[in-house]
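All chains are named by letter (A, B, ...) in the order of the sequence lines, taking the proteins before the strands, and each is independently numbered beginning at 1.
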Protein chains: 2
Amino acid sequence: MFSQAEENYLKALVQLIHFRDQGNEVGTNELALYLNVKPATANDMLKKLREKSLVSYVKYGKISLTVEGQKAGMDVVRKHRLWETFLVEKLDFAWDEVHEVAEQLEHIKSKKLVNSLDDFLQNPKFDPHGDAIPDREGRILIPYQRLLSEVSIGKSGKVVSVKDNSNSFLQYADKIGVRIGGMIEVAGRESYDGQTTLRVENKDHTVSDKFCMNIHVVCPTCKLGKDCSKNDCSF
Amino acid sequence: MFSQAEENYLKALVQLIHFRDQGNEVGTNELALYLNVKPATANDMLKKLREKSLVSYVKYGKISLTVEGQKAGMDVVRKHRLWETFLVEKLDFAWDEVHEVAEQLEHIKSKKLVNSLDDFLQNPKFDPHGDAIPDREGRILIPYQRLLSEVSIGKSGKVVSVKDNSNSFLQYADKIGVRIGGMIEVAGRESYDGQTTLRVENKDHTVSDKFCMNIHVVCPTCKLGKDCSKNDCSF
DNA sequence: ATTTTTTGTTAGGTCTACCTAACTTTATTA
DNA sequence: TAATAAAGTTAGGTAGACCTAACAAAAAAT
């Protein structure tokens, strides 16, 4: 099969190419930065993966995954997210403790293990962060997670992640009671500039559109593991 | 911490030195054979482990573990056996399918994970093969597993493993209905030569002492995870 | 359109864990 | 006890995944 390093590159490419809002063009430097290695190292590996027909790229060009490479990368993502779900649901890990361990567990090689784990967890469709878990064939449901800035007035969301990790943002968020796992209701929104009134822990705060665009929330009624699109989603 | 390879050597040394009936003297060749590497490789690693004060040995002498090395090796054994238990009890793996996967899982580095897993499994004392699981401090209970040749007349045991893996042995065992997980009653034993009458699936078979010395059984009443010494053990 | 910056590549080096082949020490046996 | 066999060691070599430093190509800015 694939080495641990190869799997890490394939997973990174899936994340960068397919699981990103913005541009899906990826280069050597960006990939290297993402994986905390030097560009020269990433370049070596890209050549190796090209040899194996897992990525397709030309010198100085952009990188893309072959069908086979995408399948392999998706499989690593699947394993990572299943293990994260296991850690949170069965072993009572907190959301922010699981990543490092899942980074290791995702490399365990056993089809039977992954599929048994999937069944044991009752085939969840989303992991604890609200990210979709690819199925056996690498297919995913469109995540029901969305930005707070896109939640309708009067609706509520449960915070699953934040995009901005700067101290100023985090401190501000903390000050007004916005934290991972917490509930937020969108009490009002000014159409002129997007100024939004949030109701958090029974207090109202008026925040900027920019602030709201950094917060991911999920629907609080259709909880983890359900296919939101089929439910009476409160968004 | 320790590399995967280092952990494998430490685990192997614990197995060879502490978890064996016969002589606990171990040399380079034997260690290499056990780990499927060449003696030269084992020798390299022994030097490295000595540098790190994990093993203690002199050139051309026998190998032993330091307190620190034994603790580290025991920890790997603990993880291996906990994962085996998880696979069998929670994911419905068969006894003979777990080893390969557990070989990988035992290298996951996270104290919290191991201890949570231990709790999740309700702190089992023995793994599915009947081998003792070391606790957080590396202590183990005396295994209640014993050889069929040591089971008293009139008592029964559940087969957990066999020592002999030759075809002739396995075929013979199969023919008389002796298989992993199956029950055997010792109906009688000749004190002269140890010829033993076994009752298997309601049929009697007379077998040699040699045959019985190759079969490990556990007490069928005090099942996995219990401390046999405290119970009304049927042995 | 030329210079500068950014991005990507190559060449050569390190470290780990393995190997083979040749050699030395210890143990066994004639 | 000398010869032979077994066990252990050393030297030198390979492959994978990383590195630095120097260089080349493409993109951006002047």
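Counting non-hydrogen atoms under 4.0 angstrom, B/Thr41 reaches a base of the nucleic acid. Using a 4.0 Å heavy-atom cutoff across all strands shown, A/Ala40 reaches at least one base atom of the nucleic acid.
The separation between A/Met45 atom CE and D/dA15 atom C1' is 12 Å, rounded to whole Å. Between the NZ atom of B/Lys38 and the C1' atom of D/dG13 there is a distance of 16 Å, given to the nearest Å. Between the P atom of D/dT9 and the CG atom of B/Asn43 lies a distance of 4 Å, rounded to the nearest Å. Going from atom NZ of B/Lys62 over to atom C1' of D/dA6 covers 10 Å, rounded to whole Å. The interatomic distance linking B/Gln4 (CD) with D/dG16 (P) rounds to 17 Å, in whole Å. Put simply, NZ on B/Lys48 is 17 Å from P on D/dT9, counting in whole angstrom units.
Listed pair B/Asn29 / D/dG8 meets the phosphate criterion, a side-chain N or O lying under 4.0 Å from OP1 or OP2. Taking side-chain N and O atoms only, B/Lys47 has no distance below 4.0 Å to OP1 or OP2 of D/dT9. The phosphate of D/dT10 (OP1 or OP2) has a side-chain N or O of B/Lys59 nearer than 4.0 angstrom.
Looking at heavy atoms from C-beta onward, B/Asp193 lies out of side-chain contact with B/Ser208 at the 4.5 angstrom threshold.
Distance from the side chain of A/Tyr60 is smallest for D/dA24 among the nucleotides D/dA24, D/dG8, D/dG16. Distances were taken from every side-chain heavy atom of A/Ser3 (C-beta onward) to each of D/dT9, D/dA17, D/dC18; the shortest belongs to D/dA17.
In this structure B/Gln70 satisfies the side chain to side chain contact (heavy atoms under 4.5 Å, CB included) test together with B/His18, B/Leu65, B/Met74, sequence neighbours excluded.
Under 4.0 Å is where a charged nitrogen must lie from a carboxylate oxygen, and between A/Arg136 and A/Asp119 at least one such pair does.
Residues A/Val207 and A/Cys212 approach most closely at CG2-SG, 3.7 Å, considering heavy atoms.
A donor-acceptor pair is defined here as one N or O able to donate and one able to accept, closer than 3.5 Å; no such pair exists between the side chain of A/Arg78 and the backbone of A/Glu137.
No cation-pi contact links A/Lys90 to B/Phe120, judged by a cut-off of 6.0 Å to the six-membered ring centre and 45° from its axis.
On the nucleic acid side, DNA chain C contacts chain A at distances under 4.0 Å to non-hydrogen atoms, with the end points of that region at C/dT7 to C/dT10.
B/His107 pairs in a side chain to side chain donor-acceptor pair (under 3.5 Å) with only one of the listed residues (B/Lys79, B/Lys11, B/Glu7), which is B/Glu7.
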